[in-house]
Amino acid sequence: MALSGVQKTVIATVAVIALVVGATVNKVLRPAPLSEAQLTEAGVYLFDAPRPVPDVRLTSDRGEGWGRTDLEGQWNLLFFGYTFCPDICPTTMAELRQLSLNLPEQLRDQLQVTMISVDPNRDTPEQLRSYLAFFDAGFAGATGEPDQLADLAQALSVAYIEPDTSQDNYLVDHSGQVVIIDPRGRYVGFIRPPLRPEQLGQLLPRIMDAGD
């Protein structure tokens with residue numbers, strides 16, 4: 001049955017109202033954009049434009065090849081440290097575990113935490129795997145030749161000093177920021193230490209959502 005002019009007008013009006021209401025509800029429910037102050041307070045710095053990550057050749061804690069493609073398909077938090085580190089490394093890994101637990105379960109599955117060891121002399125895949133198991137079974141690790149580690153660290157603005165491995169119980173000086181990599185394998189920002197798991201647990205989902 002053909003619709004009258006009045007019926008067509010009513011249907012069109014209802015459709016417009018539905019669109020307006022939907023847009024209004026979506027605007028209300030959508031979180032406000034993250035402010036610079038919020039990010040700064042949580043120790044987060046996001047770049048205006050993503051930066052490339054070099055395709056280095058490292059070895060994972062599983063004894064397999066590890067490179068840029070391992071960063072694709074999920075969000076990543078990279079921390080450069082080493083398993084014999086006495087202070088900042090175990091503290092940071094514990095904070096990353098707490099941050100992971102603070103995330104909603106569906107987002108936790110979209111985030112990979114990886115420790116990049118800057119001490120390949122001692123941190124074999126087995127040593128890395130054993131160390132990471134203390135913090136979270138889902139955490140990953142990788143290390144490799146000094147030149148490959150240096151290329152990756154330089155691209156991600158991470159500083160460390162190669163140690164004198166001839167000394168017993170040597171330490172490795174390194175910076176403590178956590179690098180943020182998006183699902184396309186791009187360097188999008190970093191988190192300054194000390195980490196604030198509770199604040200980051202609120203902000204990181206919004207960063208991940210905005211970057212999708």
Side-chain angles (χ1 to χ4, degrees), residues 42-47 50-83 85 88-118 120 123 125-144 148-149 151-153 155-158 174-193 195-197 199-212:
V44 178
Y45 182 86
L46 300 177
F47 304 134
R51 302 179 183 182
V53 176
D55 192 16
V56 295
R57 301 299 179 188
L58 303 181
T59 301
S60 76
D61 62 306
R62 299 292 175 181
E64 302 168 348
W66 188 95
R68 186 178 60 207
T69 56
D70 292 277
L71 299 173
E72 298 173 355
Q74 72 284 314
W75 285 86
N76 302 269
L77 296 179
L78 304 185
F79 173 68
F80 286 68
Y82 64 111
T83 68
C85 176
I88 187 173
C89 297
T91 298
T92 300
M93 297 306 294
E95 290 169 341
L96 287 171
R97 169 181 165 77
Q98 188 58 52
L99 167 57
S100 177
L101 293 175
N102 286 344
L103 295 175
E105 186 173 353
Q106 67 272 21
L107 289 182
R108 199 181 308 155
D109 294 337
Q110 300 172 27
L111 180 69
Q112 177 64 61
V113 174
T114 301
M115 178 177 175
I116 306 296
S117 172
V118 292
D123 284 343
E126 295 77 15
Q127 172 66 18
L128 270 174
R129 188 163 63 251
S130 175
Y131 179 82
L132 293 169
F134 282 111
F135 300 99
D136 191 295
F139 285 4
T143 191
Q148 296 290 297
L149 289 171
D151 287 347
L152 181 61
L156 301 180
S157 307
V158 174
H174 63 92
S175 52
Q177 72 263 34
V178 172
V179 174
I180 307 172
I181 305 290
D182 73 7
R184 295 172 63 182
R186 304 176 302 177
Y187 177 29
V188 297
F190 59 89
I191 308 170
R192 298 183 181 91
L195 302 189
R196 301 166 177 81
Q199 285 179 284
L200 292 171
Q202 298 295 320
L203 292 182
L204 194 57
R206 297 170 64 182
I207 293 171
M208 295 166 69
D209 181 64
D212 287 342

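Nothing fancy with the numbering, it's 1 onward along the sequence.
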Residue that, paired with L78, satisfies side chain to side chain contact (heavy atoms under 4.5 Å, CB included) out of L71, V113, V178 | L71
Between the side chain of Q112 and the main-chain N/O of G138, is any donor-acceptor distance below 3.5 Å?
-> yes
Heavy-atom check, side chain of V158 versus side chain of I116, under 4.5 Å = no
Is the backbone N or O of L128 less than 3.5 Å from a side-chain atom of D61, with the two atoms forming a donor-acceptor pair by type?
-> no
Give, for atom CG of L96 and atom CG of L111, the distance between the pair rounded to the nearest 0.5 Å.
-> 9.0 Å
Hey, is CD on Q106 packed in by over 12 heavy atoms from elsewhere, all under 6.0 Å?
-> yes
Residue pair C89, Y131: steps toward the side chain to side chain contact (heavy atoms under 4.5 Å, CB included) verdict | CA-CA 11 Å; C89 297; Y131 179 82; 3.9 Å; yes
Side chain to side chain contact (heavy atoms under 4.5 Å, CB included) partners for P193, two or more places apart = Q177
Flag the pair T91 / E95 as yes when at least one side-chain heavy-atom distance between them is below 4.5 Å, and no otherwise.
-> yes
Supply the atom-to-atom distance S157 OG to F47 CZ, rounded to the nearest 0.5 angstrom.
-> 5.5 Å
Please assess L204 against V44 for the test side chain to side chain contact (heavy atoms under 4.5 Å, CB included), listing each intermediate value before the final yes or no.
-> CA-CA 9 Å; L204 194 57; V44 178; over 6 Å; no
Close side-chain approach of S117 and Q127, heavy atoms under 4.5 Å | no
Could you grab the distance from atom OG1 of T69 to atom CG of D55, nearest 0.5 Å is fine?
-> 6.5 Å
CD1 of I207 to CG of L46, rounded to nearest 0.5 Å, is 5.0 Å
Note, L132 side chain near M93 side chain (heavy atom, < 4.5 Å) | yes
What residues form a side chain to side chain contact (heavy atoms under 4.5 Å, CB included) with S60, not counting sequence neighbours?
-> R62, E64, W66
L107: side chain to side chain contact (heavy atoms under 4.5 Å, CB included) partners, not counting sequence neighbours = P104, Q110, P205, M208
Report yes if some heavy atom in the side chain of M115 is under 4.5 Å from a heavy atom in the side chain of F139; otherwise report no.
-> no
With the side chain counted from C-beta on, respond yes when T114 and L77 share a heavy-atom pair under 4.5 Å apart, and no when they do not.
-> no
Taking all heavy atoms of L103 and all of R108, pick out the closest pair and write down the distance.
-> O-NH2, 2.9 Å
Taking all atoms of both residues into account, what is the closest heavy-atom pair of P90 and C85, and its distance?
-> CD-O, 3.5 Å
Nearest 0.5 Å please: distance from the OG1 atom of T143 over to the CG atom of L149.
-> 4.5 Å
Partner residues of Q199 under the side chain to side chain contact (heavy atoms under 4.5 Å, CB included) criterion, sequence neighbours left out = E41, A42, R196
Listed by chain and number, what are the ring-ring contact (aromatic ring centres under 6.0 Å, His included) partners of Y82, not counting sequence neighbours?
-> H174
Minimum-distance pair of heavy atoms, taken over all atoms of D70 and Q74 | O-NE2, 3.1 Å
Between the main-chain N or O of D136 and the side-chain N or O of R97, is there a donor-acceptor pair closer than 3.5 Å?
-> no
Pairs of donor and acceptor atoms involving the side chains of residues 183-191, under 3.5 Å and at least two apart or interchain, shall be tabulated with distances.
{"from": "R186", "atom 1": "NE", "to": "D182", "atom 2": "OD2", "distance (Å)": "2.8"}
{"from": "R186", "atom 1": "NH2", "to": "D182", "atom 2": "OD2", "distance (Å)": "2.8"}
{"from": "Y187", "atom 1": "OH", "to": "L156", "atom 2": "O", "distance (Å)": "3.0"}

